[in-house]
Amino acid sequence: MVNLIEIKELQKMYLMGKIEVPALRNINLTIEKGEFVAIMGPSGSGKSTLLNMIGMLDIPTSGEIIINGIATSAMREKQRAEFRLKRIGFTFQFFSLLMELTALENVMLPMMMSGENNKDRALILLKIVGMEERAMHMPNELSGGEQQRVAIARALVNKPMLLLADEPTANLDTKSAEQVVNLMRKLNKEINQTIVLVTHESELGRKANRIIWLKDGMVENIQNNSNFDS
Amino acid sequence: MRPSFFLAIKDISQRKKEIFMVILAISFSVTGIIFAHAFNNAMYDGFIGATIDVETGHLKILPEVEEDVITNPENKIEKIENIPSVIGASLRIESGGVISSETKSSRNRIFGIWPSKEGKTTTLDEDVSSGEFLDDKDGFKVLIGSGFAEDLKVDTGDHLLLSFTALETHDFEIKGIVSTGSFYYDNYCVFAPYKVVRNLLGTEGATEIVIQLDDPMKAEDVKTVVEKETLSTNVKTWADLSGGMASMISVFGMVASMTSGISIMVSAIAISIILYTSVKNKIRSIGVIKAIGGKNSFVFSVYLIEAMLIGIVGISIGTLCGLYAINYLQHNQIVVTPQAGMQVIIVPWISTHTVIVTDLAIFITCIFGCIYPALMAARVNIIEAIWHG
């Protein structure tokens with residue numbers, strides 16, 4: 001298996017007034033292509049911070065993140081945006097669909113921003129996530145689980161090498177949460193999509209190949225799939 | 001469709017009512033500016049235009065200081081008519097006298113005019129409201145100002161007695177009544193053939209030579225040439241002669257300009273506010289757009305396009321309304337009667353150049369108005385926006 005993500009000596013410090021607060025400390029990790037990885041840990045352990053670093057939404061204080069052989073830490077904002085658009089798909093805790101666009105238009109947006117306009121691909125993705133029938137509905141006409149599924153379809157429209165999901169089930173009921181994570185598992189198995197999921201729910205984390213436990217900004221433990229449900 | 005244009009349209013469609021109000025504000029601004037300038041042009045034409053078109057021309061030669069008349073006026077006219085930019089030149093003799101009808105006598109002004117030259121130089125021949133204009137062959141015939149005619153209770157075909165001195169009285173037939181828009185001419189003057197008046201006064205000179213140019217802005221330059229050609233030192237431009245009224249109209253122009261400035265500010269503020277509130281209310285959405293790969297320039301362009309679209313619609317509506325109002329008033333003219341017998345017709349008009357400049361100014365203002373909110377949007381911190389927006 002090929003390493004898609006290599007994290008070396010990653011550190012992130014935040015300045016709170018005059019005090020430097022370490023959010024991440026000496027993180028060293030690799031994530032292989034086709035893996036479904038869950039990042040778990042107590043609140044404040046640095047899970048979302050790590051995900052933001054991998055997704056290039058923020059810049060590390062020191063260390064390096066290499067994605068598909070490309071060092072990303074020194075990239076400028078414009079390059080990072082371009083990389084996110086074409087190589088990384090995001091879903092967030094708060095669904096984050098644009099309320100003025102239909103489900104289909106939300107899915108097509110990253111594709112349009114890349115210069116493409118393939119409506120069929122967007123519809124296929126909506127079908128994969130089970131939202132084909134609701135393609136022309138506005139986000140406020142969809143339930144939380146439905147919105148999250150549309151967000152997943154949007155994240156995949158540019159065929160990213162990596163899907164990052166930051167607490168995608170935090171605002172969902174149990175059934176919807178399970179549906180969303182099962183969908184991610186299905187995508188991982190059927191199209192070999194590399195997924196990094198941040199969650200605080202151990203039931204959902206167990207659906208991943210590997211769990212990376214964080215505590216106080218450091219990797220505390222890594223558990224492999226053989227120990228958990230498949 | 002470009003994604004930035006797509007998102008701009010979608011954002012506008014989501015806030016139709018607020019956007020409509022902004023478009024209305026911009027439309028009113030544009031209409032106000034166009035109409036103010038058109039009305040200012042109308043005021044100028046109505047009050048000053050009549051003065052230039054009938055009384056002063058663009059240049060006027062007056063007698064030299066300490067002299068009563070202009071000597072060799074016909075010789076001077078010949079030289080003036082050969083100067084480039086001169087459309088026409090006309091001799092006049094002005095004299096005081098008693099003008100009497102059957103019912104009333106009045107001490108007023110008598111002008112001797114050269115009809116054929118007057119027709120080329122001024123619009124007096126076009127201002128005949130009743131009867132006919134004078135002819136070079138006419139003898140004892142006059143034109144009378146409309147207000148004066150009303151005062152003397154006379155009409156075309158009636159007779160007036162004109163006295164230049166206490167001893168002699170001469171009978172003139174009213175050939176026509178003129179309504180020039182000039183208060184002085186319409187209320188205090190009669191116009192008789194130049195040669196008749198010259199003979200009755202026993203003079204060889206004229207009291208003024210009126211000159212019309214193809215471009216009033218050339219007045220100063222042509223004045224120098226006229227002075228040189230005619231050896232006259234007392235040559236006045238239209239601005240010199242209508243100074244008071246020109247100043248008044250100039251004040252109107254300044255007010256119109258100030259109105260324009262305020263309107264432009266209103267447009268900028270309206271656009272700025274609507275986009276600022278949009279950005280403030282959509283921080284999270286902006287964060288998401290940036291998170292999924294939207295560059296700062298992309299986000300900036302969405303709001304820039306929005307401002308441009310709002311501006312274009314507002315400007316189009318405002319321009320159409322302004323031009324419609326002008327067209328309406330051109331067909332339903334405003335007639336102002338500042339004094340009894342005087343009529344000034346206010347006909348607004350505007351040049352294409354002014355309309356284009358106005359539209360461009362407002363459009364550029366809309367762009368300036370959007371810069372701060374657009375920059376604010378472009379600089380949104382992704383993580384803060386998504387988590388706290």
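FYI, side chains are in, hydrogens and waters are out, and symmetry mates aren't considered; it's all heavy atoms of this structure.
For OH of A:Tyr14, the number of neighbouring non-hydrogen atoms (other residues, nucleotides, ligands) closer than 6.0 Å is greater than 12. Annotation for A:Leu15: atom CG counts as buried by contact number, over 12 foreign heavy atoms lying within 6.0 Å. Heavy-atom contacts from other residues, nucleotides or ligands closer than 6.0 Å to CZ of B:Phe28 number 12 or fewer.
For a residue to count as touching a neighbouring chain, one of its non-hydrogen atoms must lie under 4.5 Å from one of that chain's; by this rule A:Asp166 touches chain B with the side chain only. Contact annotation for A:Ile88: neither backbone nor side-chain heavy atoms come within less than 4.5 Å of a heavy atom of chain B. Contacts of B:Asn381 with chain A are absent, with no heavy-atom separation under 4.5 Å from either backbone or side chain. Both the backbone and the side chain of A:Met99 come within less than 4.5 Å of a heavy atom in chain B. Residue A:Ser114 does not touch chain B at all, counting heavy-atom pairs closer than 4.5 Å. Of the atoms belonging to B:Ile292, heavy atoms from both backbone and side chain fall under 4.5 Å from chain A.
Here the straight-line distance linking atom CD of A:Glu100 with atom CZ of B:Arg15 works out to 9.5 Å at 0.5 Å rounding. How far CG of A:Leu101 is from CG of B:Leu7: 6.0 Å, rounded to the nearest 0.5 Å. Taken to the nearest 0.5 Å, the CE atom of A:Met113 stands 12.0 Å off from the CZ atom of B:Phe6. Between atom CZ of residue A:Arg76 and atom NZ of residue B:Lys295 there is a gap of 14.0 Å, rounded to the nearest 0.5 Å. Rounding to the nearest 0.5 Å places CG of A:Leu98 at 7.0 Å from NZ of B:Lys282. Taken from CD in A:Glu77 to CD1 in B:Ile382, the straight-line distance is 5.5 Å, to the nearest 0.5 Å.
Closest approach of A:Phe92 and B:Ala291 over heavy atoms only: CZ-CB, 3.5 Å.
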*asked:* Applying side-chain contact (heavy atoms from CB on, under 4.5 Å) to A:Leu109 and B:Lys10, what does each step give before you reach the verdict?
replied: CA-CA 12 Å; A:Leu109 182 61; B:Lys10 284 291 180 178; over 6 Å; no

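The most heavy-atom pairs under 4.5 Å with chain B, out of A:Leu57, A:Asn158, A:Asp58, A:Asn117, come from A:Leu57.
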